[in-house]
Amino acid sequence: MGEFVATKINYAAVLPMLIVFAAAMIGVLVEAFVPRASRYVAQLPLTLIGLAGALAALLLNSRDNQGITAAGAVVVDGPTLMFQGIVLALSILAVLVMAERLDREGADAFTQSGASVPGSPLEAQAERLGATTTEVFPLTLFAVGGMMLFPASGNLLTMFVALEVLSLPLYIMTGLARRRRLLSQEAALKYFLLGAFSSAFFIFGAALIYGATTSTDLSVIAKAVGQVTGLDSLLVPGILLVAVGLLFKVGAVPFHSWTPDVYQGAPSPVTGFMAACTKIAAFGAMARVFYVGFEALRWNWQPVLAVVAALTMVVGAVLSITQKDVKRLLAYSSITHAGFLLLGIVAMDRTSIAGLMFYLAAYGISTITAFALIALVRQSGAEATHLSQWAGLGRTSPVVAAVFAFMMLSFAGIPLTSGFTAKFALFAPAVAHGGVWLVVLAMLASAVTAFVYVRVIVLMYFSDPIDGVSVVNPSYLTYAAVAVGAALTLMLGVLPSPLLDAAKSASIFLR
Amino acid sequence: MTGVLSLSPHVASLAAEGSALTTRDASGASAIGWLMIALPLAGAALLLVGGKALNKIGPLLATALSWASFGVGVAVLLQLMGMAAGERSLHLNLYSWIPAGKLDVNFGMLMDPLSMTFVMLITFVGSLIHVYSLGYMEHDPDKRRFFAYLNLFIAAMLTLVLADSYLGLFLGWEGVGLASYLLIGFWNWNPAYATAANKAFIMNRVGDLGLLLAMFTMFATFGKLDFASVNASVAGAGKGTLTIIGILLLVAACGKSAQFPLQAWLGDAMAGPTPVSALIHAATMVTAGVYLIVRSNAIYTATPDARLAVCIVGAITLMFGAIVGCAKDDLKKALAASTMSQIGYMILAAGLGPVGYAFAIFHLVTHGFFKAGMFLGAGSVMHGMNDQVDMRRFGGLSAVMKITWITFGLGWLAIIGVPGLSGFWSKDKIIEAAFIGEGWRPWVFGLAALICAGITAFYMSRLFFMTFHGKRRWTDDVHPHESPLTMTIPMMVLAVGSALLGLAIGPTGIITDWLAPVTGAHEEGEPVIPVPVLIVLTLLLVAAGVALAWMRYVRDAVPVVPPVGSLATRAARKDLYQDDVNEAIFARPGLHLTRGLVFADNKGVDGAAGGTAALIGGSSSRLAKLQNGFVRSYALTMLTGVVAILGLVWVIQ
């Protein structure tokens with residue numbers, strides 16, 4: 001037995017993650033020791049400072065300290081930093097939306113007592129005592145920490161741990177809606193069960209790969225994959241099962257069924273956060289697994305992923321036509337977008353990784369903004385998510401309707417919005433790398449979804465408003481998030497080059 | 001200042017192209033060429049955000065800005081005319097949209113003879129229609145919004161023709177689509193109009209798809225999207241690729257220009273206010289497809305196969321529109337059918353290649369004048385007839401609406417090609433060009449063009465006679481009267497254009513010489529039938545068409561209730577069953593696909609759902625209920641997916 005040698009860790013490279021996790025721990029302590037009345041006031045600045053500090057550390061420090069660290073378990077390279085940076089920036093936006101209090105003591109979107117049975121005396125008591133759900137802030141931080149580790153994992157086991165770290169807080173946050181609590185809790189349970197199911201596929205796949213290559217380390221796997229022969233029957237199913245775990249997270253067909261239910265049940269700000277940031281992290285991890293680990297076997301997995309991408313686009317687009325609930329509509333839209341994003345993985349080229357990053361950032365910004373707006377449209381206190389309730393919003397609340405319409409145009413990929421630039425940046429490399437039929441399909445799918453989005457706009461502007469629906473007046477938190485989101489959506493459409501340049505220069509994986 | 005820096009290689013690439021045209025940086029009047037787009041755009045923004053304060057002054061402001069844009073256009077045109085023919089191309093870089101690496105895309109303006117021809121047509125006719133709308137929309141409570149959309153349309157259309165790259169063109173392309181959508185649905189309290197707007201939207205998306213795919217293919221092949229680089233790289237590209245690009249561009253043109261098989265939306269688009277029909281659906285936007293094809297002439301010249309497809313589409317639409325036009329009783333829809341048919345002439349000419357490009361544009365310009373004039377006349381008639389459009393309820397209007405009668409009459413004589421008037425010069429050239437060539441093509445395309453000249457004469461005369469001559473078949477509550485001067489003056493101006501423009505720029509060779517630097521030197525060819533014979537034949541057919549219309553609609557009484565009509569008439573009335581065909585080919589399979597997927601989804605959620613019931617009644621409420629299904633079924637879906645994937649791989653290996 002050799003002596004135990006502590007692994008060397010490049011602390012400068014992983015500093016952003018450490019900051020986020022530290023802030024999350026402090027958040028837990030705040031929950032334990034700070035009096036109830038001051039928890040919100042303590043948690044919000046702590047969370048924002050934690051996220052902003054991590055982003056600052058990433059921009060100022062980590063860029064000069066790239067490398068493989070923690071015995072190959074964590075890889076801090078261009079793509080990692082890019083994905084982490086986007087996750088951090090977007091989670092700041094998302095936290096601003098989550099923290100919206102309206103005229104309450106605590107955040108408006110969350111129940112006062114997540115542990116109580118809906119409608120029970122316990123719930124009533126908790127409400128009387130003025131309970132708050134400030135746990136969402138540390139939970140968000142833990143999730144963000146997991147999302148940062150996910151694309152940085154150089155090892156399938158680290159990746160699995162990151163997957164769980166990011167998922168578990170999300171399961172809880174899904175179940176914390178203040179209104180329609182049963183729907184919310186049902187969604188959380190579904191998400192948890194199906195998530196556990198998909199995690200099992202992932203870990204089973206990792207075991208098969210270990211059996212074939214005797215390692216879970218991606219760079220070792222990459223070398224072994226090229227050399228090992230005769231073990232394809234172990235290796236290929238292993239790769240595909242790992243892929244299933246990741247495809248579940250991005251909501252690709254046929255692993256998408258949770259998406260509409262969870263998007264609808266979760267509190268709208270959480271949906272926005274989840275839709276944007278989970279996708280970024282999961283596509284980051286997927287890109288690393290396929291580009292670094294399994295590149296040599298691309299002829300085996302590429303067709304499968306291409307079929308999944310095609311299915312995802314078509315099913316998402318077609319089903320979005322019949323949706324009547326704006327949150328479910330955006331859920332199916334997110335499925336379609338996941339299909340588009342898979343093109344960036346299938347194309348297997350540096351430029352498509354840059355397009356993927358840009359697309360994720362653009363889509364994430366628009367999504368968080370859209371869900372922030374959804375949380376504002378109310379009928380008798382509850383969120384008015386049925387499309388018929390959105391009729392005539394253009395007349396009653398011109399600003400909300402205009403910004404939401406702008407987000408819809410961005411999802412549809414109309415020029416001068418970030419959505420168009422993103423599609424251009426993602427599809428052009430795909431055409432150049434043999435994905436022509438997929439791009440044709442993607443264009444058809446986006447033509448279908450464009451119709452769906454424009455229908456929402458028509459509904460808002462060309463129909464008579466219905467009584468009782470109103471837009472609540474939010475605080476500066478939501479204002480700030482929506483303003484930044486709208487500004488960035490426009491800016492990435494008009495002046496996309498800074499982010500495109502950054503993405504391009506950050507698109508090489510360390511192996 | 002990357003934009004300025006990246007300009008020099010741009011110019012260099014143009015010079016290397018070795019074409020007849022050298023491009024220079026814009027200076028002088030053209031340096032402020034961006035004002036052409038900026039002025040109406042600012043007008044649209046101002047009117048939309050200005051609120052009620054601008055209700056009174058807004059429409060006037062919009063009209064003034066449109067004229068100002070025309071003024072800048074004239075200044076640039078004068079500057080271009082002062083230059084040597086081979087140098088008439090000015091480039092103005094506006095800003096670098098995506099300057100990074102391979103995706104190097106700048107947004108700039110290209111002011112050359114082709115784009116300036118369009119600028120003149122758009123701003124002049126557009127401004128006249130602004131003036132006309134001042135009268136036409138006078139009592140509309142929402143006219144500020146209407147004028148904002150009109151200005152937005154002008155800005156978008158100018159972007160389309162002035163852009164220096166396909167990407168910029170696409171921006172304008174989407175912009176005119178948006179403005180058109182807003183203007184068709186302007187009177188949105190009428191559900192039928194909203195449906196029309198939707199149809200136009202969907203058909204146009206198919207066209208957009210073609211343009212986008214063409215752009216992706218160009219980008220993958222040439223690495224660039226600006227006209228100069230694409231034109232320069234055409235020589236080195238494979239024939240197959242060029243044909244694909246050509247076909248995709250044709251799909252785009254079909255969507256925008258209402259060409260077969262994407263023609264169905266134009267008739268419905270007539271639901272919009274009449275000035276909009278005149279501006280967008282007759283003179284400018286619908287001709288964008290012709291612009292796209294002529295602008296891409298370097299590609300089409302290199303690929304005869306794609307050109308053949310263009311010719312076929314043009315010829316089919318030409319016939320289609322003419323036949324439909326013969327049976328329509330709705331004044332505006334008959335004019336719409338005629339527009340479709342006339343654009344078919346232009347597309348056919350563009351498809352003929354170097355012999356036809358210039359004539360396509362020539363006919364486009366003259367058509368812009370006489371068709372816009374006739375639409376404005378139609379608006380004037382509707383104005384006096386309580387917004388009725390049924391020609392069977394008109395008749396004998398020549399006595400009460402003298403100015404409308406005369407101006408419309410000039411447009412009518414021009415479109416049927418009476419010698420001396422504009423349409424004669426431009427359409428006869430296309431007929432001659434269509435007869436040039438070898439083998440079966442000149443006979444097919446030439447005869448189509450020739451016969452349609454006769455049909456055009458028939459249906460336009462029918463329209464004219466039914467409206468202005470014969471017995472008065474008015475409903476009791478109408479009191480027709482001439483329209484105010486704001487409406488009649490634009491009509492008079494356009495009528496003068498319909499009469500004289502063709503003579504001024506056609507036989508003098510001005511238009512062909514002017515366009516030659518862009519479209520390549522005009523090729524002369526010998527038609528398979530001698531030119532004088534062709535002219536006589538055309539005139540005979542035209543005379544026959546007019547005579548037939550006179551017999552049936554002036555000499556014989558026109559029944560107020562449409563007769564049942566022959567099978568052909570009934571088919572033409574129903575637009576040759578275009579909606580039924582669309583329904584059968586696209587809508588129903590789409591519906592079944594949706595239902596099928598919904599069914600699959602239902603099944604996955606809740607196995608108890610009856611299969612047939614789900615298939616038939618796959619309504620959304622039901623769907624929402626069923627999708628809130630059991631987690632075990634979701635897990636089953638996932639497992640099925642995993643098994644399918646693994647099974648697939650196992651089978652492959």
Side-chain angles (χ1 to χ4, degrees), chain A residues 183 186 189-190 193-194 197-198 201 232-233 236-237 240-241 243-244 248 253-255 257-258 260-261 300 303-304 307-308 314-315 318-319 321-325 328 351 414-416 421 424-425 427-428 431-432 436 439-440 443-444 447 450-451 454-455 458 462 494-497 500-501 504, chain B residues 2 95-103 105 167 170-171 174-175 178 181 185 188 194 197-198 201-202 205-206 208-209 212-213 216-217 219-220 590 593-594 597-598 601 604-605 618-621 623-624 627-629 631 633-635 637-642 644-646 648-650 652-653:
Chain A
L183 191 72
E186 185 186 328
L189 188 66
K190 275 181 193 164
L193 288 174
L194 296 173
F197 195 45
S198 76
F201 283 121
D232 274 7
S233 54
V236 174
L240 293 175
L241 288 176
V244 166
F248 172 84
V253 175
F255 316 107
S257 5
W258 60 275
D261 288 8
N300 289 82
V304 176
V307 170
V308 170
V314 171
V315 170
V318 171
L319 283 181
I321 299 172
T322 53
Q323 297 310 313
K324 295 276 181 199
D325 183 290
R328 290 182 85 84
T351 49
I414 302 295
L416 293 189
T421 323
F424 196 81
F427 292 170
V431 170
V436 177
V439 172
V440 172
M443 297 313 305
L444 284 171
F451 174 72
V454 171
R455 212 177 46 185
V458 170
F462 293 160
V494 181
L495 286 172
S497 38
L500 266 182
D501 283 340
K504 198 149 291 169
Chain B
T2 40
Y95 87 115
S96 302
W97 189 53
I98 309 178
K102 280 176 85 182
L103 284 167
V105 182
L167 201 67
F170 182 69
L171 184 66
E174 292 284 292
L178 174 72
Y181 182 75
N188 49 53
N198 271 343
F201 178 81
I202 294 170
R205 284 308 292 187
V206 179
D208 296 352
L209 195 69
L212 271 172
L213 288 175
F216 284 131
T217 318
F219 196 80
L593 179 66
T594 317
L597 280 174
V598 168
D601 218 77
V605 169
S619 64
S620 304
S621 53
L623 177 68
Q627 268 180 344
N628 277 335
V631 70
S633 318
Y634 289 179
T637 319
M638 287 174 60
L639 188 65
T640 318
V642 173
I645 288 177
L646 291 181
L648 188 76
V649 171
W650 185 66
I652 291 172
Q653 285 186 340

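These numbers come from the heavy atoms of this one structure, side chains and all, not from hydrogens, waters or symmetry mates. Residue numbers begin at 1 in each chain, while the letters A, B, ... track the order of the sequences.
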Proximal component of [X], with respect to chain B [non-hydrogen, under 4.5 Å]:
X: A:V253; answer: neither
X: A:L444; answer: both
X: A:L194; answer: both
X: A:V244; answer: side chain

Does any part of the side chain of [Y], heavy atoms only, come nearer than 4.5 Å to the side chain of [X], both counted from C-beta?
X: B:F216; Y: A:F424; value: yes
X: B:L213; Y: A:V431; value: no
X: B:M638; Y: A:F255; value: yes

message: So which residue, B:T640, B:L171, B:T217, ends up with the most heavy-atom pairs under 4.5 Å with chain A?
response: B:L171
statement: From the list A:F248, A:F197, A:W258, the residue making the most non-hydrogen contacts under 4.5 Å with chain B is A:F197
- prompt: Looking only at heavy atoms, which two atoms of A:L500 and A:A425 are closest? And how far apart?
  reply: CD2-CB, 4.0 Å
task: Please lay out, stage by stage, how A:V236 and B:L646 fare under the test side-chain contact (heavy atoms from CB on, under 4.5 Å).
output: CA-CA 9 Å; A:V236 174; B:L646 291 181; over 6 Å; no
